[in-house]
Amino acid sequence: MSAVGWRPATMPAQRSRWILPAVWRTRLELRRLGREPVALLTTLGLPVLVQLAAALPRVGPALTAVAGGTGRLTIGLVTIGIMLCSFANIAVGTSDEVMDGTLDRLRGTQLPLSAYLAGKAMLALLTSLALAATLLVLGMVLTGLTLPDRPAAWGWLALFLVLGTVAGTGLGVAAAAEPRTWMTVPAVYLVVAVLALASGSVVDPQRMPLWVSDFGLPFPVRWLGQGLRAELLPGQVTSFDLGTAGGRWPVVGVLAAWAVVGLVQGLRGIRRMRDDAR
Amino acid sequence: MRGLQKRSRRTAGRNDVDNLDLDVEPGEIVALLGQHGSQATLLGILAGRMHRDGGYVRVLGSDPEHAGASWRSSIGVVASQRAHRLPHTARELVRETARWHRAPRDPDEVLYDLGLRPVRHVPARALSPDQQRCLDVALAVVGRPQLLLLDGPTRGLGTAATRDIHAVVRSVRAAGTTVVLSTSSPEEARLLADRAVVLAGGRCLALDGPGRPDPGSAAVRLSWTCGGVVLEVYGGDPAELATELAHDPAGGASTQLLGATA
C-alpha cells in the first residue's frame, strides 16, 4: 500500500495542541450534519418553515396572533432555533456517539475532551448563526421586521448568541452522557418544547397563566428570548419583560451561569462515562 | 513494556471476576475462554473502563482506573459489538482516529489489511455487521497500541472477516503488541493464542493454554491449576469443562479433571 496523501506527523505541536484538534472536530461535526437530512430538517428546517408560513394568508395571522406580533414571532423562532441547534441537536448527536462506542474510542486517544466539546460548541454556534441570519432576513422580507442599526445592539446580540449556544451545547452533552435511559430523543424535544412554551418567546406571555411563565423563569431560554427582544424590538418592551428587567447584565449573568454549568456538567458527563455506568 | 498483573474481585453476579491472578508477558497473545460476562468484566477492568472492587491491577505499569490520556492512547480496545451510527465513512473515521495518536499507522494500509478498502467510502453505519466489526479492529490498531484488548472480536463473523482479523492480530503481535482477547471458541484460542485462560464462576480455573498451534491434533491441551494441583487436559471443550467445574467444590473438580485426563 502506498501512503500517498498521508502525513504521519499528526499530533500537533505543544502550543496548538488544543486549537487544531478543535478545528478538526468542528470540520468533522459540520460534515456529519451535512449528511444527516433528519437532523438538518429538525434543527434548521423547522424554524425556517414556520417563518415562511408566517407569510401565508391564513396561517400567518394566526401564528402572529399567538406570538403577539410579527417581530415577536421571528425572535421567538430565533430563540427556539438556537435551542434546537445547540441543546437538541448536540444531545441527539452525542447520544449516538455514546451508544455506538465512538466516545469510548475517542477517550482512548490523545484528543483533549475540551477540544471534543469545542467542536460541538462550534457546530452549535455556526448553525445557530446561520439559522438566526436566515430567520431575520426572512422576517425583514416577509413581515417587515426592522433590524437595529446600532453596532452596540449587534454586539449584545452576538454575546447572547454565544452564551446561549455554549450553555445549550454543554447541557446537551451532559444530557447525552446521562447514564439513565429516560434521556431519549423524544425526551430531548419534549424538554425543548416545554421550555420554549414556558419562556414566553413563542406564545404571547400575556395569554399565558402566570405560573407557566414563573416556571420558565430559571431556564436560559427565557433569558435568551428576553435579551434578543430587548435588542431587536426596543420599542415593544412589555410588562412581561419589564418584570425581570434591569438592563442587559442580568441576561448576561443568567446565560453565563448556565454556560458554565453546561460546560462543567458536559465535561463531567463524558469524563465519568464507563461501561459499568450504563 | 511490563507484563500485566491483576488480582481483582467483584461480589455476586455472573459477570464476576473473583480473586483472579494473571500475568501477561509483553508480546504475548492470551485468549480468555469461559463465561462471557467474566471475560467482558476482565477486559473492561484492564481497559480502565470498569471499576474494580478490590485487588491489584497494573497494565503497562499503571493502574488502569486512574491512568491518564497518554496511557489510554497506548491501549487499543475492541469492545463487544455495537452498531455504528455515524454517517462518516470508514476511511474518515480511521484517519480521524489516527490523527489523535502520536505514531499512527497508515490508515489506508489498515483499511486494506482488514478488507475494508473496497468500502472505504461507505458510511460506517451502512456497512455490513462483519465490515463494521473489521472497522472496530481498524480503529483499535491504527494508533499502534502497545496492548490490544479485544472482546469477542470474531464472534458471529463470517470466515473472510475472521481470517482478516486473525491476520491483523498476528501482525500487530509481530510488531510487538501484546494481545488479550476473549473468545467462545477453543479452536480460535488454539489457532491464535500462545496461552488460554479459562474463566468460570469469576475464578481463573485454568492457566496455560493450547500452546503453539499443534498441526497434528485438533484437540486442545490445557494445563490447569485447581486447588493447588496442576493438571493437564487433552481435548474436550475447555469452556464447558470450566463451567462444570465452577459448580463443584474444589475437591470434586480435581477428581473430575483427573478422571478426564486419565
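Because only heavy atoms are used, hydrogens play no part in the values below, and waters and symmetry mates are left out as well, while side chains stay in. Lettering of chains follows the sequences in order, A, B, ..., and the numbering in each one begins at 1.
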Student: In terms of side-chain heavy atoms, does A:Asn89 have a donor or acceptor partner in A:Thr43 at a distance below 3.5 Å?
Tutor: no
Student: Could you tell me which portion of B:Gln132 (side chain, backbone, both or neither) has an atom closer than 4.5 angstrom to a non-hydrogen atom of chain A?
Tutor: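 For B:Gln132, there is no contact with chain A at all, as no heavy atom is under 4.5 Å.
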Student: Run the side-chain hydrogen bond (donor to acceptor under 3.5 Å, both in side chains) check on A:Glu29 and A:Tyr116 step by step: do they pass?
Tutor: CA-CA 10 Å; A:Glu29 297 279 2; A:Tyr116 169 83; 5.5 Å; no
Student: Could you walk me through whether A:Asp100 and A:Thr102 pass the side-chain hydrogen bond (donor to acceptor under 3.5 Å, both in side chains) test, one step at a time?
Tutor: CA-CA 6 Å; A:Asp100 77 354; A:Thr102 300; 2.5 Å; yes
Student: For chain B, which of A:Gly108, A:Gly93, A:Gly101 has the most heavy-atom pairs under 4.5 Å?
Tutor: A:Gly108
Student: Heavy atoms only, distances under 4.5 angstrom: which of B:Glu96, B:His88, B:Arg125, B:His84 has the most pairs with chain A? Name it, please.
Tutor: B:His88
Student: Please state whether the side chain, the backbone, both or neither of B:Glu92 comes within less than 4.5 Å of a heavy atom of chain A.
Tutor: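 It is the side chain, since no backbone atom gets that close.
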Student: Is a salt bridge present between B:Arg105 and B:Asp113, judged by a nitrogen-to-oxygen distance below 4.0 Å?
Tutor: yes
Student: Checking heavy atoms, do the side chain of A:Leu106, its backbone, both or neither come under 4.5 Å from chain B?
Tutor: side chain
Student: Given that the side chain runs from C-beta out, which part of B:Thr89 has a heavy atom under 4.5 Å from chain A: side chain, backbone, both or neither?
Tutor: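 Looking at B:Thr89, backbone and side chain both touch chain A.
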Student: Does A:Gln110 form a side-chain hydrogen bond (donor to acceptor under 3.5 Å, both in side chains) with B:Arg102? I'd like the steps, not just the answer.
Tutor: CA-CA 8 Å; A:Gln110 306 248 349; B:Arg102 270 185 207 295; 3.1 Å; yes
